[in-house]
Amino acid sequence: MRIARFSIDGTVGFGVVEADPAAGGEPVLDIIKGHPFAEFERSGRRVPLSRVRLLPPVLPSKIVAIGRNYAEHARELGNTVPDVPVTFFKPSTSVIGHGDTIGYPAFSSEVHHEAELAVVIGRMCRDVPRSRARDVILGYTCANDLTARDVQRRESQWARAKGFDNACPLGPWIETDLDPSDLAVMCTVNGEQRQLGRTSEMVRAVEDLIVHITESMTLLPQDVILTGTPAGVGPLHVGDEVAVTIEGIGTLTNKVVKRD
């Protein structure tokens, strides 16, 4: 199922996104009681998706991101594929949702898009064996791992280059029924295709990333893993509309604006 986090009339909640046959197949939200990180019930209250504001699908305590997980992307930036996964953090304050604006950071002149499959963790876990990795996943969403590339080149730590405000668009919702092993991942800017790859091209699969990360840290419900980006990353400019589309999930769209 597709689970969205939304606001309407000052109320924030979660709902299941589905087509409404009575409305010609238009998408509606069936609002749930509670939250999707435990057993929940549908309330039976249904509202058109067009009436709500979609919010970031989760509020993670941390975003654990993986670098150079597609060989072609590593090569396009002059890097080799590492022997072990390159991991870094993006803070919770970097998260925005579908339709939110990306404020271009004043300290950079070269912000790049990076379309990625995001894994949403469903329960607290650590030391997860590979055979149980799928059990700790609630679902998947689209992500844009925005990167201040000029800052990344200057600074050995990537905290500013990867962690600035608005640097982690997520959405539009969580898809829970999905096999992540071979999905198309695409990025367009102003309707022009920039990136196109498949998750089958990842150097390390989702299960292997969960094993690697949970060897060293506990993951909590709503935490997010960014699984790396295919080749084709490139610059964004004020006024651009950037969209990340992942097969079986949907499209995450954001517009770049001048930061106030």
Side-chain angles (χ1 to χ4, degrees), residues 56-58 60 62-77 79 81-82 85-92 94-98 100 102 111-121 137-149 152 158 161-164 166-175 178-189 193-210 212-213 219 222-236 242-254 256:
V58 287
K62 56 186 171 295
I63 301 106
V64 186
I66 305 298
R68 304 172 192 170
N69 200 30
Y70 288 75
E72 286 298 318
H73 169 60
R75 283 192 283 269
E76 75 178 341
L77 296 182
N79 299 309
V81 175
V86 173
T87 56
F88 57 93
F89 290 111
K90 294 172 85 81
S92 59
S94 68
V95 173
I96 59 174
H98 172 72
D100 290 340
I102 299 165
V111 172
H112 282 198
H113 56 78
E114 294 192 9
E116 307 201 10
L117 175 71
V119 180
V120 179
I121 298 300
I137 298 171
L138 175 65
Y140 306 87
T141 192
C142 305
N144 195 343
D145 175 20
L146 296 171
T147 305
R149 196 70 70 198
Q152 186 184 34
W158 297 353
K162 294 280 194 176
F164 58 89
N166 313 150
C168 191
L170 295 173
W173 41 62
I174 302 165
E175 175 57 67
L178 193 67
D179 181 348
S181 60
D182 187 27
L183 304 173
V185 179
M186 181 174 67
C187 178
T188 63
V189 178
Q193 182 181 300
R194 294 278 190 87
Q195 293 180 266
L196 181 62
R198 301 196 69 85
T199 56
S200 55
E201 299 166 357
M202 292 196 300
V203 176
R204 296 171 181 88
V206 167
E207 295 87 347
D208 298 314
L209 298 178
I210 290 174
H212 181 75
I213 292 166
L219 294 176
Q222 301 196 65
D223 281 351
V224 170
I225 299 171
L226 303 187
T227 59
T229 194
V233 300
L236 294 171
V242 57
V244 174
T245 300
I246 298 181
E247 181 181 0
I249 300 176
T251 300
L252 164 70
T253 303
N254 302 93
V256 183

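As the structure is a computational prediction, the values presented were derived from the model and not from experiment. In what follows, residues are counted from 1 in the order of the sequence shown.
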Side-chain donor-acceptor distances from residues 63-70 under 3.5 Å, at least two apart:
| residue | atom | partner | partner atom | Å |
| --- | --- | --- | --- | --- |
| Asn69 | OD1 | Arg204 | N | 3.0 |
| Asn69 | ND2 | Arg204 | O | 3.1 |
| Asn69 | ND2 | Thr227 | O | 2.9 |

Inset, instruction - Output yes when a side-chain donor or acceptor of Trp173 lies under 3.5 Å from a complementary backbone atom of Ile249, and no otherwise. - result: yes
Here the gap from Ile246 atom CD1 to Glu116 atom CD, rounded to the nearest 0.5 Å, amounts to 8.5 Å
Tell me whether Gln152 contacts the main-chain N or O of Lys162 through its side chain, where contact means a donor paired with an acceptor under 3.5 Å. no
For side-chain contact (heavy atoms from CB on, under 4.5 Å), just list the numbers for Thr253 and His98, CA-CA rounded to whole Å, side-chain angles, deciding distance to a tenth of an Å, and then say yes or no. CA-CA 6 Å; Thr253 303; His98 172 72; 3.8 Å; yes
So CD1 of Ile96 and CG of Asn254: to nearest 0.5 Å the spacing works out to 4.5 Å
Residues passing the side chain to side chain donor-acceptor pair (under 3.5 Å) test with Thr199, sequence neighbours excluded, are none
Does the side chain of Arg149 come within less than 4.5 Å of Glu114's, by heavy atoms? yes
Separation between CD (Glu247) and CG (Asp182), nearest 0.5 Å, reads 7.0 Å
In terms of heavy-atom contacts, Lys90 and Ser94 come closest through CB-OG, 3.8 Å
For Glu72, the side chain to side chain donor-acceptor pair (under 3.5 Å) test, sequence neighbours excluded, returns Arg75
Tested for side-chain contact (heavy atoms from CB on, under 4.5 Å) against Val224, the lone hit among Thr141, Val95, Val58 is Val58
Those residues at least two apart in sequence (or on a different chain) that pass side chain to side chain donor-acceptor pair (under 3.5 Å) with Thr229 are Gln195
In this structure, SG of Cys142 is separated from CE of Met186 (nearest 0.5 Å) by 10.0 Å
Taking every heavy atom of His113 against every heavy atom of Val242, the minimum-distance pair comes out as CB-CG2, 4.1 Å
For Cys187 and Ala115 the tightest heavy-atom approach is CB-CB, 3.8 Å
Correct closest heavy-atom pair for Asn166 and Leu146 would be O-CD1, 3.3 Å
| said: Does any part of the side chain of Ile102, heavy atoms only, come nearer than 4.5 Å to the side chain of Val111, both counted from C-beta? | reply: no
Between Arg198 and Pro230 (side chain of the first, backbone of the second, donor and acceptor by atom type, cut-off under 3.5 Å), is there such a pair?
no
To the nearest 0.5 Å, atom CG of Leu183 lies from atom CG of Leu178 at 5.0 Å
Value for CG (Leu252) from CG (Asn144), rounded to nearest 0.5 Å, stands at 6.5 Å
Asp223 meets the salt bridge (charged side-chain N to carboxylate O under 4.0 Å, His left out) criterion, sequence neighbours left out, with Lys62
Here the pair of heavy atoms bringing Leu117 nearest to Tyr140 is CD1-CB, 3.9 Å
Thr147 and Phe164 have their tightest heavy-atom pair at C-CE2, 4.4 Å
* Taking the side chain as C-beta and beyond, is there a heavy-atom pair between Ile210 and Ile137 under 4.5 Å? -> yes
Hits for side chain to side chain donor-acceptor pair (under 3.5 Å) against Thr87, two or more places apart or cross-chain, chain-then-number order -> none
